[in-house]
Undergrad: 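My questions all concern the structure below.
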Amino acid sequence: SAPAGLGGKETPPPEIFRGEPAQPGLPPFRSLNGLQRHSERFTPFSVRWLTVRAGRDIRRVYPHPLLPDRVVVVAKSGLFLSEDCGQAWRALDKGGTTLGEVLDLAYSPAVPDEFAVATSQRGVWLTSDAGQSFRQIGSKSQGMAADRASCVVYDISSPRFDSLLVGHGEGGAGMSRTYNGGRTWQVFYPGFEFHRIGPRHWQSQSGFLVDVVDRMKGAAHRLYRCVNVGESLEEMKGDALPSDLVTSRVLRGSSSRPPNEEWGASWKYMDAPVFVATEDDGMYRIDSSGLLRCGPPGARSFSSLDVTYGR
């Protein structure tokens, strides 16, 4: 974000950046065995960066996993959506009049225009029309553990792709789950604060990672593995400060079929490791054999992490 103003001057709006090919006109990607990969004439780092302005006090950026031109920005002044890589923006909830403060966002693995948002005081909301309208699907009065929703993810182990997992952080103990799109909710693990819930792989047996505070063991953050919601959590690492939990975005399916309302059936995540970045103890990966250290030797502090398409 831009530096604060001095001498009573108005603080300039924050900036986010997007990359473009350094040599316009050259195709940046080519199809290889059904996957879109960088071409030999355009390496991932041959880009020029352009300033993009969207709202004020930008907090998080959520690029769509399969629609490359779409991105949603969470800002203090509300939610903003771009359909052209940030050249133009549409306010979805300007000023937070409906949603209030947004803390997290999760795209549906089944419907391109659907995503859920977690809010600081108003539970979980869902849009099925790319943010033109929202409806509340989760709150304490509807069965969740608390009205504060710190994180939200889709549990793609559900064949209907309508299962959501919600953590409440310091707002309340327990993980809230709906398996029917918010019609009913269940609360699991009442002794744990869930601050971050990692993604699960399609048909994965390795489960997913969660960043929790075990109230029986004090205030330290710990990494646990959850194979199936409701079963016992397995501690993977104590006294950890996770900064990011990511999974592979490699898909299997027909590359000739673009994402549509049936992509839940035709586009399925391949089973691959989950990675965790920490603020103080390097990088780890989780697979069926457990938690293994990985990443650059000697590097111990990571603020974010992501996984590219490909092998």
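Only this structure's heavy atoms are used, side chains among them; waters, hydrogens and symmetry mates stay out. These figures come from a predicted structure and were not determined experimentally.
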Undergrad: Donor-acceptor pair, D244 side chain versus A277 backbone, under 3.5 Å?
TA: no
Undergrad: Residues two or more places apart in sequence or in another chain: which of them pass salt bridge (charged side-chain N to carboxylate O under 4.0 Å, His left out) with R122?
TA: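 Not a single residue meets the salt bridge (charged side-chain N to carboxylate O under 4.0 Å, His left out) criterion with R122.
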Undergrad: Where the side chain of H168 meets the backbone of R148, is there a donor-acceptor pair that is under 3.5 Å apart?
TA: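 Indeed, once roles are kept as given, a pair shorter than 3.5 Å links the two residues.
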Undergrad: Just checking Q121: does its CD atom have more than 12 heavy atoms from other residues, nucleotides or ligands closer to it than 6.0 angstrom?
TA: no
Undergrad: Sequence neighbours left out, what passes side chain to side chain donor-acceptor pair (under 3.5 Å) with T278? Give chain and number order.
TA: none
Undergrad: Just so I know, are the side chains of W89 and V71 near enough to count as touching, which here means a heavy-atom distance under 4.5 Å?
TA: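 Yes, side chains in contact.
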Undergrad: Quick check on F188: does its CZ atom have over 12 non-hydrogen neighbours (other residues, nucleotides or ligands) under 6.0 Å away?
TA: yes
Undergrad: So, for S120 and L103, which heavy atoms are closest and what is the spacing to 0.1 Å?
TA: CA-CD1, 3.8 Å
Undergrad: What residues form a side-chain contact (heavy atoms from CB on, under 4.5 Å) with S139, not counting sequence neighbours?
TA: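 With neighbours one apart ignored, the set is Q136, S141, Q142, D147.
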Undergrad: With side chains defined as the heavy atoms from C-beta onward, is the minimum distance between L164 and Y154 less than 4.5 Å?
TA: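 Yes, at least one pair of side-chain atoms sits under 4.5 Å.
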Undergrad: Considering only heavy atoms from C-beta outward, does the side chain of R196 approach that of L209 to under 4.5 Å?
TA: no
Undergrad: My understanding is that only residues two or more places apart in sequence, or in another chain, count here; which of them pass salt bridge (charged side-chain N to carboxylate O under 4.0 Å, His left out) with R70?
TA: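 Listed in chain order: E83, D113.
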Undergrad: Check which hydrophobic residues are tied to V102 through side-chain heavy-atom contacts below 4.5 Å, counting indirect links as well, and list them.
TA: Y62, V72, V74, L79, L81, L92, L99, L105, Y107, F115, V117, W125, F134
Undergrad: How many angstroms lie between CG in L292 and CE in M236, if you round to the nearest 0.5 Å?
TA: 8.0 Å
Undergrad: Check S82 against A88 and note the closest heavy-atom contact, atom names and distance.
TA: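 Distance-wise, the nearest heavy atoms are OG-O, 3.0 Å.
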Undergrad: State, with a plain yes or no, whether a side-chain heavy atom of P296 is found less than 4.5 Å away from one of F302.
TA: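 A side-chain contact under 4.5 Å exists here.
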Undergrad: Considering non-hydrogen atoms only, spot the tightest contact between A149 and V124 and give its length.
TA: CB-CG2, 3.9 Å
Undergrad: Counting N and O atoms only, with roles assigned by atom type, does the side chain of D84 sit under 3.5 Å from a partner on the main chain of Q87, one being a donor and the other an acceptor?
TA: yes
Undergrad: Can you list the residues that meet the side-chain contact (heavy atoms from CB on, under 4.5 Å) rule with Y189, with sequence neighbours excluded?
TA: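 Here the qualifying residues are M175, F192, F194, C226, L233.
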Undergrad: With rounding to the nearest 0.5 Å, note down the distance linking OG1 in T184 to CZ in R177.
TA: 9.5 Å
Undergrad: Once you round to the nearest 0.5 Å, how far does CH2 of W185 lie from CG of N180?
TA: 9.0 Å
Undergrad: Same cluster for Y179 and L165 if Ile/Leu/Val/Met/Phe/Trp/Tyr side chains link at under 4.5 Å?
TA: no
Undergrad: Would you name the heavy atoms of C85 and P68 that are closest together and state the gap between them?
TA: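 Nearest pair, atom of C85 first, then P68: SG-O, 3.8 Å.
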Undergrad: Answer yes or no: is there a donor N or O on one side and an acceptor on the other, between the side chain of T178 and the main chain of S163, under 3.5 Å?
TA: no
Undergrad: Can you name the salt bridge (charged side-chain N to carboxylate O under 4.0 Å, His left out) partners of R215, sequence neighbours left out?
TA: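 Listed in chain order: E193.
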Undergrad: List the residues meeting side-chain contact (heavy atoms from CB on, under 4.5 Å) with A219, not counting sequence neighbours, and say none if there are none.
TA: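 Scan of A219 (side-chain contact (heavy atoms from CB on, under 4.5 Å), adjacent residues dropped) gives none.
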Undergrad: Is there side-chain contact between L66 and P112, with at least one heavy-atom pair below 4.5 Å?
TA: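 A side-chain contact under 4.5 Å is absent here.
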Undergrad: Between S150 and H195 (side chain of the first, backbone of the second, donor and acceptor by atom type, cut-off under 3.5 Å), is there such a pair?
TA: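 Between the backbone of H195 and the side chain of S150 there is no qualifying donor-acceptor contact (under 3.5 Å).
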Undergrad: List the atom of V187, the atom of G143, and the distance in Å for their closest heavy-atom pair.
TA: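 Closest approach of V187 to G143, heavy atoms only: CG2-O, 3.5 Å.
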Undergrad: Who passes side chain to side chain donor-acceptor pair (under 3.5 Å) against T119, sequence neighbours left out?
TA: none
Undergrad: S128: what forms a side-chain contact (heavy atoms from CB on, under 4.5 Å) with it, not counting sequence neighbours?
TA: E114, L126
Undergrad: Just by modelled atom types, is the E279 backbone N or O under 3.5 Å from a matching donor or acceptor in the S301 side chain?
TA: yes
Undergrad: Partners of D281 by salt bridge (charged side-chain N to carboxylate O under 4.0 Å, His left out), sequence neighbours excluded?
TA: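 Checked D281 against salt bridge (charged side-chain N to carboxylate O under 4.0 Å, His left out); matches are K237, R293, R300.
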Undergrad: Return the minimal non-hydrogen interatomic distance between L223 and P242, and the atom names on each side.
TA: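 Result for this residue pair: CD2-CG, 3.8 Å.
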Undergrad: Which residues pass the side chain to side chain donor-acceptor pair (under 3.5 Å) test with E235, not counting sequence neighbours?
TA: K217, R222, Y224
